[in-house]
Amino acid sequence: MTVRTRVAPSPTGDPHVGTAYVALVNYCFAKQQGGDFLLRIEDTDQARSTPESERAILAALRWTGLSWDEGPDVGGPHGPYRQSERSAIYERYAAELLATGHAFRCFCTPQRLEEMRAAQRAAKIPQKYDGRCVAVPDAESAARAAAGEPFVVRMKVPAAGVCIVEDVARGPVPFEYATVDMQVLLKSDGLPTYHLANVVDDHLMEVTHVIRGEEWMSSAPKHLLLYSYFGWTPPVLMHLPLLRNPDKSKLSKRKNPTGILFYERMGYLPEALLNFLGLLLAAAPEGQEMFGLPALIERLDLAKISLGGPVFDIAKLDWLNGQYLRHLTPAELIDRTASWGFDRARIDRIAELAQSRVERLSDLVPTAAFLFAGRVAVTPEAFAGAKLAELDVRKALALAMWRLDTQAVFDKTTVEVVLKSVGETLGTKFRDLSRVYYVAMTGSPTSLPLFDSMELLGRDLCRERFRVALDVLGGMSAKEQKEWQRSTSPDESDGAAA
RNA sequence: GGCGCCAUAGUCUAUCGGUUAGGACGCCGCCCUUUCAAGGCGGAGAGACGGGUUCAAUUCCCGUUGGCGCUACCA
């Protein structure tokens, strides 16, 4: 049987390095076994999925140098590869589960579920669905559904017994069925949850090995149960450790750059990034830290991947990237730099912005330098200004950073709207606030137009500059963070791929 | 709180019962050098803790501690 693996990102945010990491393992394992690697878009969350995010994820993954045999953009015999286009399929399988008695309609309202959980919390018992609607007789259930009463479909779970999850790297992992929740399979909007869609698709797409993040381990029993309800052979499972921040918490953009595009904009080479991620998957032979995809494909051994969550150590990435840069000829270095940041459209735009601000040709490069830099040097003093005295500069930076994160698109118009909204929140004219942003983004209070510059810089680099500026000004206390977040619309979406 | 995963230096890791516990990043020093890098050489630095099993444990088992994940009509 042909080995088939997949990466299944959810298009709900920026392309995440965790996605690249998971994709890399799946890709290498498939190729090592002479198999196929698939890309599937898990966009069953109507509220959070966006086409912009999907486009960005595909582009970012392509940039890393990985390629897939089947996917929404390249097609394939098991399509469509976008879950939002497969609703009819999931509905059919949910109906099958209903018919075979492995699932039931649940008519509980969100309010009733919330009350149930509150009671469970108060009683200090595990929070899970109490099973009320399992008792609804089939005839009544069908009638209520036919009458238009909203419902979700939940899976049944054995009351007792143990489910053994066989993990390639961990061996058997036991889970008491009593601790497994009766998961929602089909939401009231008729779309499936991850659990149903993932199992159905992996089966239909003939995925043989599911290699995904550790965050999924506790739902493995549910998935295994579904495979058995359908009478299908489950795939081989392997859960990868999660990438970490230096403080060991799960890698998050609030604390670190997590975007693949950040590394691209920052000037890392895709082969260096892949090599770096590969170092977390297969130990380098003594003194040979540099290796490419072919070597990784050869050496990857799923059972030997270390299970401790690795810190994403940017210092080591820096060194590796330097190694790659040094292996280039000077001409290649120039070519790479040119195609990285000096494409015609981009520099033409920069020229437009800079033209009225230069008097000599020799002014152009210094004027636009901040657009080609990764970070810019800022000092606390640079933020000082008469109008700014009584204003909390850090709050202005934090609000802008957070609000910008919640925007689906990142262009000059969005930036303008968002930054001005911060002025309103703070009760300040934007004119008096702009210096803060000029300094943080460009490193100087006088520079090229801010909104255009930020668009040119891109979301990831801007976020990083906000972070650095905040840091230079002493950061935020936990209390401030909490308080300030109340005056913005928080969006914690920061997940890696499945 | 419940369930689960994990545990070698600051970081990434090797060692699948017997090693002076190996390598890489970072750090420090020396060399090279008009500076700074790069490069070369060298150095400091690790088996969380407590019990077992064994002639012998970093390695196997149990407990403790710690970190992490899950605990949604999100993935």
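Here is the naming used below: chain letters follow the sequence lines, and residue numbers restart at 1 for every chain.
- Contact annotation: Arg117(A) side-chain N/O to rC73(B) OP1/OP2 distance is under 4.0 Å.
- Residue pairs meeting the salt bridge (Lys or Arg N to Asp or Glu O under 4.0 Å) criterion with at least one partner in residues 322-333 of chain A, sequence neighbours excluded, do not occur; the list is empty.
- Residue contacts shown for Arg121(A) are absent, as no nucleic acid heavy atom lies under 4.0 Å away.
- Counting only heavy atoms from C-beta on, Gln127(A) has its side chain closest to rA72(B) among rU15(B), rA72(B), rU13(B).
- Listed nucleotides rA75(B), rU13(B), rG26(B) differ in distance to Trp319(A); the shortest reach to its side chain belongs to rG26(B).
- Across Arg212(A) and Val22(A), no two heavy atoms sit closer than the pair CA-CG1, 4.4 Å.
- Counting any heavy atom pair closer than 4.0 Å across all strands shown, Ala315(A) reaches sugar-phosphate atoms only and no base atom.
- If you measure from atom CZ of Arg212(A) to atom P of rC70(B), you get 13 Å, rounded to the nearest angstrom.
- Rounded to an integer number of Å, the gap from Leu281(A) CG to rU13(B) P is 9 Å.
- Across all strands, Cys108(A) comes closer than 4.0 Å to base atoms (heavy-atom distances).
- For rA72(B), neither phosphate oxygen OP1 nor OP2 lies less than 4.0 angstrom from any side-chain nitrogen or oxygen of Lys128(A).
- Side-chain contact check for Asp202(A) versus Val210(A): some heavy-atom pair is nearer than 4.5 Å.
- Distance CG (Leu191(A)) to C1' (rC74(B)): 13 Å, rounded to an integer number of Å.
- Heavy atoms of Pro11(A) sit nowhere under 4.0 angstrom from any nucleic acid atom.
- When the side-chain nitrogen and oxygen atoms of Gln323(A) are compared with OP1 and OP2 of rG39(B), one or more of them lie within a distance under 4.0 Å.
- Each of Arg326(A) and Ser306(A) was matched to the nucleotide of RNA chain B holding its nearest heavy atom; the match closer to the 5' end belongs to Ser306(A).
- Ring centroid separation for the pair Phe372(A) and Phe342(A) comes in under the 6.0 Å cut-off.
- For rC73(B), neither phosphate oxygen OP1 nor OP2 lies less than 4.0 angstrom from any side-chain nitrogen or oxygen of Thr193(A).
- When each of Asp247(A) and Val152(A) is assigned the nucleotide of RNA chain B with its nearest heavy atom, Asp247(A) is the one assigned upstream, toward the 5' end.
- Using a 4.5 Å heavy-atom cutoff, the side chains of Asp405(A) and Lys253(A) are in contact.
- Side-chain atoms of Asp45(A) lie closest to rC74(B) of the nucleotides rG69(B), rG67(B), rC74(B).
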Dump every N/O contact between nucleotides 2-6 of chain B and the protein below 3.5 Å, one line per pair.
residue: rC5(B); atom: O2'; partner: Arg170(A); partner atom: NH1; Å: 2.5
residue: rC5(B); atom: O2'; partner: Glu214(A); partner atom: OE2; Å: 2.8

